[in-house]
Amino acid sequence: IVPPGEFIPLAEELGLIEAIGDWVVGELARQQSAWRAAGLDLEVGFNVSPRELWSVHLPDRVLGRLRAEGVDPGKVIVEITESTAMTDPERTQRILTELHAWGLRLAIDDFGTGYSSLSRLKHLPVDILKIDRSFVSHVDADADNANMVRAMIDLASNLGMTALAEGIETEGELAFLVEHGCPLGQG
């Protein structure tokens, strides 16, 4: 078994990431369609790599796969990492705006680990701000993490985004997040 942290950089370097991304979107669409047929109405999501984000064909490729399976784009969340979004913010904004215009929901993943420009962030059509696990870890016992997570929850809310805490592992972390109004979590 090769973990994603090892094979994704290699796939990026070799130019294979777009083929993998196409397969992922195809499988996501097929599975979401099967769940819908079984009476389950779920949101699904996938990550876009930096190389995929720079492809001018990304919106057409994603929407083509979703349409082929009859998947509602409003039930699909496209995730990009904060560092990817800020590599070329103007290009990112154009692509995300196009994806959002087609009804796809957008998430900034690993928020807090990159170099976000808050002036850029406010212009991105982002629905979900995913607070990185490094801040969520021990948030109930680490005053610095607690202050940062509260600020991120407020930032998301004030920008019309939904905060999502990643990597919740303890009851204490969950209790802190609930108490401070974080509406979504993973872990």
Side-chain angles (χ1 to χ4, degrees), residues 1-111 113-117 120-133 156 159-164 166 184 186:
I1 296 176
V2 180
E6 290 181 29
F7 79 79
I8 289 177
L10 183 60
E12 288 264 356
E13 185 179 321
L14 296 174
L16 299 173
I17 199 69
E18 287 186 52
I20 293 170
D22 286 344
W23 177 84
V24 166
V25 173
E27 284 300 298
L28 172 138
R30 183 195 60 73
Q31 184 63 61
Q32 208 275 356
S33 182
W35 282 331
R36 192 178 64 251
L40 297 171
D41 186 25
L42 303 172
E43 287 185 342
V44 293
F46 66 97
N47 291 71
V48 172
S49 75
R51 188 174 190 135
E52 289 177 289
L53 189 62
W54 309 144
S55 169
V56 296
H57 304 292
L58 177 67
D60 294 331
R61 287 189 356 249
V62 170
L63 290 165
R65 296 290 211 154
L66 298 178
R67 285 183 183 137
E69 292 289 341
V71 174
D72 174 8
K75 296 288 185 180
V76 178
I77 301 168
V78 178
E79 297 184 20
I80 62 167
T81 63
E82 176 187 15
S83 56
T84 297
M86 294 302 143
T87 300
D88 185 347
E90 290 177 14
R91 183 182 181 118
T92 299
Q93 185 171 350
R94 284 192 309 271
I95 293 167
L96 294 184
T97 298
E98 184 175 352
L99 291 169
H100 203 256
W102 286 104
L104 292 156
R105 299 185 63 223
L106 304 171
I108 296 291
D109 197 10
D110 301 335
F111 184 74
T113 61
Y115 302 99
S116 276
S117 160
R120 290 281 186 189
L121 182 63
K122 74 178 184 177
H123 295 293
L124 293 176
V126 173
D127 301 291
I128 300 168
L129 195 66
K130 297 181 75 174
I131 302 168
D132 188 71
R133 173 178 176 18
L159 292 176
M161 301 173 190
T162 301
L164 184 153
E166 296 182 298
L184 298 175
Q186 291 177 333

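Only this structure's heavy atoms are used, side chains among them; waters, hydrogens and symmetry mates stay out.
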Taking W23 for the side chain and A19 for the main chain, is one N or O donor matched with an acceptor at less than 3.5 Å?
-> no
Straight-line distance of E43 CD to W35 CH2, nearest 0.5 Å | 12.0 Å
Provide the closest heavy-atom pair for E166 versus D132 in the form atom of the first, atom of the second, distance.
-> OE1-CA, 3.4 Å
What heavy-atom pair brings K75 and L42 nearest, and what distance separates the two atoms?
-> CB-O, 4.0 Å
Is there a side-chain contact between M86 and R120, using heavy atoms and a 4.5 Å cut-off?
-> yes
Which distance, rounded to the nearest 0.5 Å, do you find between the CG of L129 and the CE of M161?
-> 6.0 Å
Taking every non-hydrogen atom, the tightest pair across R105 and G74 = CD-O, 3.4 Å
Looking at side-chain heavy atoms only, is the closest gap between L63 and L104 below 4.5 Å?
-> yes
Work out which heavy atom in L124 is nearest to a heavy atom in I108; give both atom names and the distance.
-> CD1-CD1, 4.4 Å
Side-chain heavy atoms of H100 within contact of L96, under 4.5 Å | no
Working to the nearest 0.5 Å, report the span between CG of N47 and CD1 of I77.
-> 11.0 Å
Are side-chain heavy atoms of L66 and L28 found at a separation under 4.5 Å?
-> yes
T87 side-chain N/O to S83 backbone N/O, donor-acceptor pair under 3.5 Å | yes
Nearest atoms (heavy-atom pairs only) where I80 meets A85 = CD1-CB, 3.5 Å
Kindly state each residue pair satisfying salt bridge (charged side-chain N to carboxylate O under 4.0 Å, His left out) with at least one member in residues 5-19, sequence neighbours excluded.
-> E18-R61
Between R91 and V56, is any pair of side-chain heavy atoms under 4.5 Å apart?
-> yes
Does R36 use its side chain to pair, donor to acceptor, with the backbone of D72 at less than 3.5 Å?
-> no
From H57 atom NE2 to S55 atom OG, the distance as rounded to the nearest 0.5 Å = 5.5 Å
For E27, enumerate each residue passing the salt bridge (charged side-chain N to carboxylate O under 4.0 Å, His left out) test, keeping only those at least two apart in sequence or located in another chain.
-> R30
Does any N or O in the side chain of T92 come within less than 3.5 Å of the main-chain N or O of D88, such that one atom is a donor and the other an acceptor?
-> yes
Output for pair (R51 CZ, I8 CD1), nearest 0.5 Å, gives 14.0 Å
Answer whether the closest heavy-atom distance between the side chains of L99 and L58 falls below 4.5 Å.
-> yes
Is a donor on one side and an acceptor on the other found under 3.5 Å between the side chain of E82 and the backbone of T113?
-> yes
Which atom names give the shortest non-hydrogen contact between P4 and P9, and what distance separates them?
-> O-CD, 3.7 Å
Any chance you could lay out the side-chain contact (heavy atoms from CB on, under 4.5 Å) test for L53 and I95, step after step, and finish with the verdict?
-> CA-CA 7 Å; L53 189 62; I95 293 167; 3.8 Å; yes
CH2/W102: more than 12 non-hydrogen atoms of other groups inside 6.0 Å = no
